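Per chain, numbering begins at 1; letters A, B, ... match sequence-line order. All of these numbers come straight from a predicted model, not from anything done at the bench.
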Amino acid sequence: MKVTLRTDVLTNNNRAAEFNRDLFQTTKTLVINLMSSPGAGKTTLLEETVRVLSGKYRIAVIEGDLATEKDADRIRAMGAKAVQINTHGGCHLDARMVAAALGEFDFEEIDILFIENVGNLVCPSGYDLGQNHKVAVLSVPEGNDKIPKYPQMFMRTELVLLNKIDLLPYLDFSVEEARQDLMEINPESTLIPVSARTREGLHEWFFWIEGAYAKCVQQ
Amino acid sequence: MHEMSLMGDIIQLVQEDAAVNGLGKIEKIELIVGDIANAMPDALKMAFDIFRDQNPHIFSETAELVIHLEEAKAKCVLCDSEYRPEQKIALCPSCNIPSGKVLAGETFQVLSYEGSNR
Ligand SMILES: Nc1nc2c(ncn2[C@@H]2O[C@H](COP(=O)(O)OP(=O)(O)OP(=O)(O)O)[C@@H](O)[C@H]2O)c(=O)[nH]1
Ligand SMILES: [Mg+2]
Ligand SMILES: [Zn+2]
């Protein structure tokens, strides 16, 4: 017997994402899903973000990682609550993993939750976690070709943090070319050049977060 | 890539539905996979073969996976022309302006399955 389903393969993920989204909405928590290739600087950016913004917001972090507890420890050292999800080799976080970690938090006591996804420029972009915003991090040493090579990441994110701009003098990366490529893939996305090392440009990222938070609590 | 875990999701969806319909072994699964859906057809087929060979209680020995490809398609909001988006997804080839919106190619669905009557 043949049965027609026409069911989205990610149905179960999307259900869990809706569950997460409901919780985030009712507790007015701003949730940002941060994605990049390995080593682009997600954890370093979060360390700086926690350091600067934790006077103003109560921040928590979920760290997605293949195996270790290292990134969560780095966030804890900055004074924010961090929970590690080990994917045991899995190349992305899915909404069920996030849902399973939510019990570790009291969302009445949290204003902003950052989710650092597993370092990977392909797989994480396809999974809705229930976040308010998907943000990509691209770093200067990765080269200009990454935006056109991985268009699906950049079409599914609304902000790109171009990190490690302190290295621009030593490499042949063109910020203008990156902007142009991004616009041709996703004209609604924005590129903010930053350095988590020298802190150049980070105020713009913080400004973006404040805007997103204001919008989130109004709803 | 994560085609093994995607195939796990697919088989779970099919198995749950087959149980509701009182069907026995799975004989065929048909998918629709878009060009820009983040899933690679060849890797899906490999994952399917592995699952089938490891789970003779779920699949008949000759069970097959059929993949229908959905071509990516975008339409320019300025000139209304349709084009097949390559890397620069939003760039309309006639206007040379990023004015295109994706119409198709992101689908990733279980279209149907076949199961034996018990
Ligand atoms: N020069 C320079 N180095 C940076 C910058 N930001 C991060 N790094 C360095 O890049 C390396 C990787 O940074 P992480 O923050 O661990 O990167 P990540 O994206 O969290 O990596 P994974 O979690 O493994 O995917 C570290 O050695 C950082 O010190 C920057 O703005 N400039
Ligand atoms: Mg990290
Ligand atoms: Zn046009």
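Heavy-atom distances place both the backbone and the side chain of L111(B) under 4.5 Å from chain A. Within the 4.5 angstrom heavy-atom criterion, only side-chain atoms of N12(A), from C-beta onward, approach chain B. For a residue to count as touching a neighbouring chain, one of its non-hydrogen atoms must lie under 4.5 Å from one of that chain's; by this rule E188(A) touches chain B with the side chain only.
Listed in order of number, the residues of residues 63-99 of chain B that approach chain A to under 4.5 Å between heavy atoms are Q87(B), K88(B), I89(B), A90(B), L91(B), P98(B). Contacts of residues 27-34 of chain B with chain A at a heavy-atom distance below 4.5 Å involve E30(B), I32(B), listed in sequence order.
Note that CD1 of I10(B) is 11.0 Å distant from OG1 of T7(A), once rounded to the nearest 0.5 Å. Taking CZ of F108(B) as the reference point, atom CG of D8(A) lies at 8.5 Å (rounded to 0.5 Å).
Using a 4.5 Å heavy-atom cutoff, the side chains of S5(B) and H92(A) are in contact. Using a 4.5 Å heavy-atom cutoff, the side chains of C123(A) and N38(B) are not in contact. Contact check for D9(B) versus N13(A): no side-chain heavy atoms found under the 4.5 Å cut-off. Counting heavy atoms from C-beta on, the side chains of M1(A) and L23(B) come closer than 4.5 Å.
Heavy atoms of other residues, nucleotides or ligands lying less than 6.0 angstrom from CZ of F19(A) number 12 at most. The environment of CD in E200(A) is sparse: at most 12 heavy-atom neighbours from other residues, nucleotides or ligands sit within 6.0 Å.
Legend: residues meeting side chain to side chain donor-acceptor pair (under 3.5 Å) with T68(A), ordered by chain and number and at least two apart, are absent.
Shown here for V3(A) and D17(B), the closest heavy-atom pair between the two residues is CG1-OD2, 3.4 Å.
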Can you list, pair by pair, the side-chain donor-acceptor contacts under 3.5 Å of residues 155-165 of chain A, counting residues two or more places apart and other chains?
unit_1  : atom_1 : unit_2  : atom_2 : d
R156(A) : NH2    : I36(B)  : O      : 2.9
R156(A) : NH2    : E106(B) : OE2    : 3.4
T157(A) : OG1    : M153(A) : O      : 2.9
E158(A) : OE1    : H133(A) : ND1    : 3.1
E158(A) : OE2    : H133(A) : ND1    : 3.0
N163(A) : OD1    : A196(A) : N      : 3.0
N163(A) : ND2    : A40(A)  : O      : 2.9
K164(A) : NZ     : G39(A)  : O      : 2.8

